[in-house]
Amino acid sequence: MASVNVENLSALSAKHPKPANTFTYGTAGFRMNADLLDSVIFRTGILAALRSKKLDGKVIGCMITASHNPAADNGVKLVDPMGEMLEGSWEAHATALSNAQSDEQLVDYIHSMVSSLKIDLTKPANVIIGRDTRPSGVALVNAFVDGLKVLDAKSTDYGILTTPQLHYITRCLNTAGTPEAYGEPSAEGYYKKLAAAFKTLVDGKTKLSPLTLDCANGVGAPKFQEFLPYLGDSLSVKIVNDDIDNPSKLNLNSGADYVKTGQRAPVGLKLTSQDRCASFDGDADRIVYYYQDEDNTFKLLDGDKIAGLAAMFIIDLVKAAGIDSIKVGVVQTAYANGASTQYLRNTLNVPVSCVPTGVKHLHHEALKYDVGVYFEANGHGTVVFSPSALKTIYSAEGSSPAQAVAIRSLRALSEVINQTVGDAFSDLLLVETILTQRQWSPKVWDQAYTDLPNRLVKVVVQDRSIFKTVDAERKLVEPAGLQDAIDAIVLKFRDGRSFVRPSGTEDVVRVYAEAATRSETDELAHRIGGLVFDFNSQGSGLRPREFI
Ligand code: NG1
Ligand code: ZN
C-alpha cells in the first residue's frame with residue numbers, strides 16, 4: 001500500500017500556503033474569489049489523484065471555472081469517469097483536505113483515506129484538466145498540477161474548454177474501446193458527433209431564421225465559433241457578447257443568469273419582435289431562450305420551458321416510433337415554475353420528481369426513468385437515456401416508413417444530447433431540432449403554458465449555515481419558527497408559493513416567490529426576504545449585512 005512521500009509533499013505544499021479561511025466543496029465544487037483558491041486547488045489535485053487511484057487509474061476530470069459568477073471568482077470541480085459529478089461521499093474528503101491546517105494534518109488525512117477507502121497508492125492515476133477563459137485559470141491549473149505531483153499522477157491539460165466538453169472528453173477516454181464508447185476524446189470529436197446528429201434531425205426540413213446567441217463574453221463564444229463550420233448550413237447563428245479579451249466583461253450584464261434572474265435581455269443584444277435569442281452562461285453549461293412579443297414584452301423561455309418542450313417532443317416521438325413502452329419522466333427542483341409542473345403533470349401526463357438544487361441530484365433522479373428529462377429553471381439540464389431504452393431504440397425496426405423515421409430521430413436525439421451533464425451547445429441543438437421539426441416560432445413554443453410571475457431575491461446574512469432545509473429544500477427546519485412565519489405570509493397570497501434556502505455557491509440565502517400576479521409576487525418576495533433579514537438579525541443575534 002505504500003505511503004505518501006512526505007518530503008515531496010512538503011516541498012510542493014510550501015508553494016501553496018493555506019489562508020485562514022474555511023472552505024466547503026459545495027453544489028458546484030469550490031467556488032470563491034480566485035485569490036483565495038491556490039491552496040484549495042493544490043489540495044483538490046491531491047484528491048483527484050487519490051480518486052483515480054481508487055478507481056484503478058480511470059481518468060478523472062478537473063474543470064477550473066466559476067461559471068456564471070463574477071470574473072474575479074474562480075472555482076474547481078472534479079468529474080467522475082463516466083462524466084458525472086464527483087461521487088457525493090468524496091465531497092467531504094475534498095472539504096477536509098482543503099481545511100487541513102498543516103502538512104502533517106494533510107498527510108494524516110491522506111493516510112486515513114488510503115486506509116479507510118482501501119486506496120492502493122502504487123496504482124497509476126490519470127487526470128485531465130480544462131478551464132474557462134478567466135485569466136486566473138492559468139495559475140490555478142499549475143497549482144492543481146502540483147497537487148497531482150504529490151502522488152505522481154499523470155495529467156493532460158486540454159486548455160480552454162466549456163465545462164460540458166470536459167465532461168464529454170472524460171467519458172470518451174474512459175469508454176474508449178468498450179461497447180459504451182462515447183466518441184473521440186477531443187473538442188473536435190465532440191463537434192463532429194453533435195453536428196452529425198443534428199444534421200440527421202433537421203434533414204429535409206425548412207431552415208429556421210437565424211438565432212441570436214449571447215455568449216456572456218465567455219468560453220462559449222470561441223468554442224461555438226469553432227463549432228459553426230461543423231454545422232455548415234444546417235443552422236444560422238449570430239454570436240454576440242463574444243469579447244473574451246476583456247476579462248472583466250465575463251457574465252457582466254449578459255449571460256443566462258443575468259437574463260433569467262432579471263427577466264430581461266442582455267446588454268449588447270438588440271431584441272426585435274419575434275427574433276429568437278438565447279444566452280449561455282460563462283462556462284456554457286446553461287442556456288435560456290427568449291423573444292419579444294408584438295407588444296414589446298420580454299418573454300423568457302427558461303429551463304422549465306425547455307424541459308416541457310423536450311418532454312413533449314420525446315413522448316410524441318416514442319409514440320410515433322411505436323415503442324411507447326419507453327417511459328419518460330421529468331425531474332425539477334423547487335425553483336421550477338408551478339405552472340410548468342402543472343403542465344407536465346396534467347397536460348403531458350408525465351411523472352415529475354422534485355429534488356434538491358444541484359445537477360448531481362437531478363441527474364441521479366433522472367437515471368430512474370427510461371428517458372429522464374431534467375432541467376433547473378436557470379437552464380442547466382439535459383436528457384438521459386437508460387441503457388435499456390437505448391437498446392430498445394437501437395434494436396427497433398419499425399413497421400412503417402413513419403415509424404422508421406421516428407426511430408431514426410430518436411437515435412440521433414440520443415447522440416445530440418450530452419448524456420454526461422447539462423450542456424448549452426447540445427441543449428441549443430435539441431431546442432433548434434424541435435422548433436425546426438415543428439416549424440415553430442418561440443411564441444408557439446411559449447404557448448404550452450403561462451408562467452406564474454416569480455421572483456428570486458438574495459438576502460446577505462452573517463452565517464447562512466444556520467438555515468437548514470428538508471423536503472427537497474421546500475421547508476426550513478432551522479432556524480426554528482421561521483417556516484411557520486413564512487407559511488403564514490404565503491397563505492395570504494393567491495397561488496402563493498415561497499421557500500428559503502442557503503445558496504451552495506454564494507454567501508447568501510435565496511428567497512423564491514411566485515403568486516398570481518406580478519405585484520403580488522414582488523410583495524411576497526419582499527415580505528419573505530424582509531422576514532429572513534429580520535429573523536437573522538434577531539434570531540442569531542448577528543447583524544445582517546444587506547438585502548438585495
Ligand atoms: P446555489 O447557489 O446553491 O443556489 C446555483 C443555482 C443552482 C446551480 C448552482 C451551480 C439557482 C437558484 N441556483 O446554486 O441551480 O446551477 O448554482 O451552478 O439558480
Ligand atoms: Zn455554468
Side-chain angles (χ1 to χ4, degrees), residues 24-32 63-71 73-77 79 85-86 91 130-134 161-167 215-220 223 250-251 254-263 279-288 300 302-304 307 331-337 354-363 374-382 418 421-427 454-461 464-465 467 469 472-474 498-514 525:
T24 312
Y25 193 98
T27 329
F30 292 108
R31 196 176 285 185
M32 67 203 76
M63 185 70 197
I64 309 272
T65 178
S67 182
H68 58 282
N69 292 117
D73 285 4
N74 214 327
V76 62
K77 64 179 174 192
V79 173
M85 301 290 187
L86 176 69
E91 293 178 4
R131 64 183 163 91
D132 68 17
T133 52
R134 287 173 164 82
L161 289 178
T162 70
T163 295
Q165 287 177 332
L166 188 271
H167 285 255
C215 289
N217 299 306
V219 60
K223 294 293 159 185
L250 176 64
N251 296 322
S254 62
D257 200 57
Y258 175 87
V259 172
K260 165 72 183 161
T261 315
Q263 303 181 24
S279 285
F280 288 165
D281 72 338
D283 63 338
D285 57 2
R286 291 190 193 178
I287 185 169
V288 294
L300 179 67
D302 61 3
D304 299 337
V331 187
Q332 303 186 312
T333 71
Y335 290 106
N337 196 280
C354 181
V355 299
T357 304
V359 279
K360 64 171 182 246
H361 299 296
L362 288 111
H363 192 93
Y374 73 84
F375 271 89
E376 292 187 312
N378 60 33
H380 195 183
T382 190
N418 190 329
V421 79
D423 178 343
F425 286 24
S426 148
D427 292 340
N454 59 94
R455 182 70 70 210
L456 185 61
V457 295
K458 305 179 197 183
V459 185
V460 182
V461 296
R464 73 189 199 276
S465 71
F467 293 83
T469 62
E473 307 182 317
R474 289 173 289 197
S498 179
F499 64 93
V500 171
R501 60 173 277 279
S503 160
T505 61
E506 286 177 67
D507 203 5
V508 297
V509 169
R510 295 197 199 282
V511 173
Y512 177 85
E514 66 185 34

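Counting convention: from 1, in listed order, for ligands and their atoms alike. Any value given below was found using the heavy atoms of this structure, including those in side chains, with hydrogens, waters and symmetry copies removed.
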Inset, instruction - Indicate yes or no for a side-chain donor-acceptor contact from S498 to the backbone of Y512 under 3.5 Å, with no hydrogens or angles considered. - result: yes

Legend entry - Intermediate values then yes/no, side-chain contact (heavy atoms from CB on, under 4.5 Å), L86 and K77: CA-CA 8 Å; L86 176 69; K77 64 179 174 192; over 6 Å; no

Legend entry - Residue S67, metal the Zn ion (ligand 2), N/O/S under 2.8 Å: yes

Legend entry - side-chain contact (heavy atoms from CB on, under 4.5 Å) partner of T65, the single match among L161, D283, T133: D283

Inset, instruction - Check each of D302, N378, L456 against Y335 using the side-chain contact (heavy atoms from CB on, under 4.5 Å) test, and report the only one that passes. - result: L456

Inset, instruction - Report all protein residues having a heavy-atom distance below 4.0 Å to some atom of ligand 1; order the list by chain, then number. - result: T27, A28, R31, H68, R286, Y335, T357, E376, N378, R501, S503, G504, T505, R510

Legend entry - Validation row: N251, D257 side chains within 4.5 angstrom (heavy atoms): no

Inset, instruction - Identify the two heavy atoms, one from N337 and one from E514, that lie closest to each other, and give their separation to 0.1 Å. - result: CA-OE1, 3.7 Å

By atom name, which N, O or S atom of [X] is the nearest to the Zn ion (ligand 2)?
| X | answer |
| --- | --- |
| D285 | OD1 |
| D281 | OD2 |
| D283 | OD1 |

Legend entry - Sidechain N-carboxylate O distance under 4.0 Å for E91, K360: yes

Legend entry - Any donor-acceptor N or O pair under 3.5 Å, side chains D281, S67: yes

